[in-house]
Amino acid sequence: MARKTIAERIAQLDAQKKALQARQGKQERTEDTRRKVLLGALVLHRLEHAADQEFSKRLGDWLRRELPGFLTRDSDKALFTDLLGQTEEKVTAPPLQETESADASA
């Protein structure tokens with residue numbers, strides 16, 4: 001069995017290092033996602049089942065103030081229509097200008 005050269009061993013170790021870094025990055029993203037899901041579940045649970053109604057009201061008010069500026073995609077906004085107190089049409093559909101002008105002339 002031929003011994004590997006130092007350059008070959010270094011290349012092999014570099015490849016192992018890259019594989020481990022990729023695995024670590026994937027694990028960190030998975031943990032980050034899990035934290036976000038659990039935190040969101042806690043917030044929703046507190047909104048729906050909190051014994052302290054004043055806290056639930058303040059939390060809901062805060063979310064209604066902060067979420068519209070935080071959410072940028074219409075599809076994300078549609079997920080929170082119940083919390084934001086908007087209908088899905090208001091969140092996802094652009095205003096109908098042609099219909100409004102046609103209605104005004106009729």
Side-chain angles (χ1 to χ4, degrees):
M1 182 163 41
R3 284 187 89 177
K4 294 181 180 178
T5 65
I6 293 174
E8 289 171 335
R9 289 173 53 198
I10 290 173
Q12 183 182 18
L13 290 172
D14 283 341
Q16 289 175 348
K17 179 181 176 183
K18 287 180 182 178
L20 287 172
Q21 287 173 331
R23 193 178 338 164
Q24 181 183 19
K26 182 179 179 185
Q27 181 179 355
E28 288 171 355
R29 286 188 302 278
T30 299
E31 290 172 356
D32 182 56
T33 299
R34 180 145 177 80
R35 286 173 47 119
K36 291 173 183 175
V37 167
L38 290 171
L39 187 57
L42 170 66
V43 169
L44 291 173
H45 178 77
R46 292 297 237 165
L47 285 172
E48 295 169 0
H49 302 101
D52 182 355
Q53 294 301 318
E54 179 60 28
F55 174 77
S56 292
K57 181 182 180 321
R58 286 191 323 236
L59 179 59
D61 291 344
W62 180 78
L63 287 169
R64 280 185 280 285
R65 272 193 323 271
E66 296 295 322
L67 272 176
F70 180 75
L71 301 172
T72 56
R73 295 186 211 151
D74 288 340
S75 59
D76 292 342
K77 292 175 185 178
L79 294 172
F80 293 96
T81 54
D82 58 332
L83 183 62
L84 296 175
Q86 300 172 325
T87 65
E88 191 171 329
E89 292 174 14
K90 288 182 185 176
V91 174
T92 60
L96 300 174
Q97 295 173 352
E98 291 179 24
T99 306
E100 292 172 2
S101 61
D103 290 343
S105 62

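Residue numbers count from 1 along this sequence.
- Across all their heavy atoms, Leu84 and Leu67 have their closest contact at CD2-CB, 3.9 Å.
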Show your working on side chain to side chain contact (heavy atoms under 4.5 Å, CB included) between Leu63 and Val43 and close with a plain yes or no.
CA-CA 10 Å; Leu63 287 169; Val43 169; 3.7 Å; yes
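- Under the 4.5 Å side-chain contact rule for hydrophobic residues, Trp62 and Phe70 share a cluster.
- From Leu83, atom CG reaches atom CG of Leu47 across 6.0 Å, with rounding to the nearest 0.5 Å.
- Comment: Asp14 does not engage Lys17 in a salt bridge, judged by the lack of any side-chain N to carboxylate O separation of less than 4.0 angstrom.
- Inspection of the Gln27 and Glu31 side chains reveals an N or O donor paired with an N or O acceptor under 3.5 Å.
- The CD atom of Gln16 sits 12.0 Å away from atom CD of Gln21, with the distance rounded to the nearest 0.5 Å.
- Here the closest heavy-atom approach between residue Lys77 and residue Pro68 is recorded as CE-O, 4.4 Å.
- When all heavy atoms of Arg64 and Lys57 are compared, the pair lying nearest together is NH2-O, 4.4 Å.
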Run Arg46 and Leu42 through side chain to side chain contact (heavy atoms under 4.5 Å, CB included) and show every step you take.
CA-CA 6 Å; Arg46 292 297 237 165; Leu42 170 66; 4.0 Å; yes
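- Using modelled atom types, one side-chain atom of Glu8 and one backbone atom of Thr5 make a donor-acceptor pair closer than 3.5 Å.
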Report the C-alpha distance between Asp61 and Arg65 in whole Å, list the side-chain angles of each, state the deciding distance to 0.1 Å, and finish with yes or no for salt bridge (Lys or Arg N to Asp or Glu O under 4.0 Å).
CA-CA 6 Å; Asp61 291 344; Arg65 272 193 323 271; 5.7 Å; no
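- Hydrophobic cluster of Ile10: the remaining members, joined at side-chain heavy-atom separations below 4.5 Å, are Ile6, listed by chain and number.
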Intermediate values then yes/no, side chain to side chain contact (heavy atoms under 4.5 Å, CB included), Lys36 and Leu39:
CA-CA 5 Å; Lys36 291 173 183 175; Leu39 187 57; 5.8 Å; no
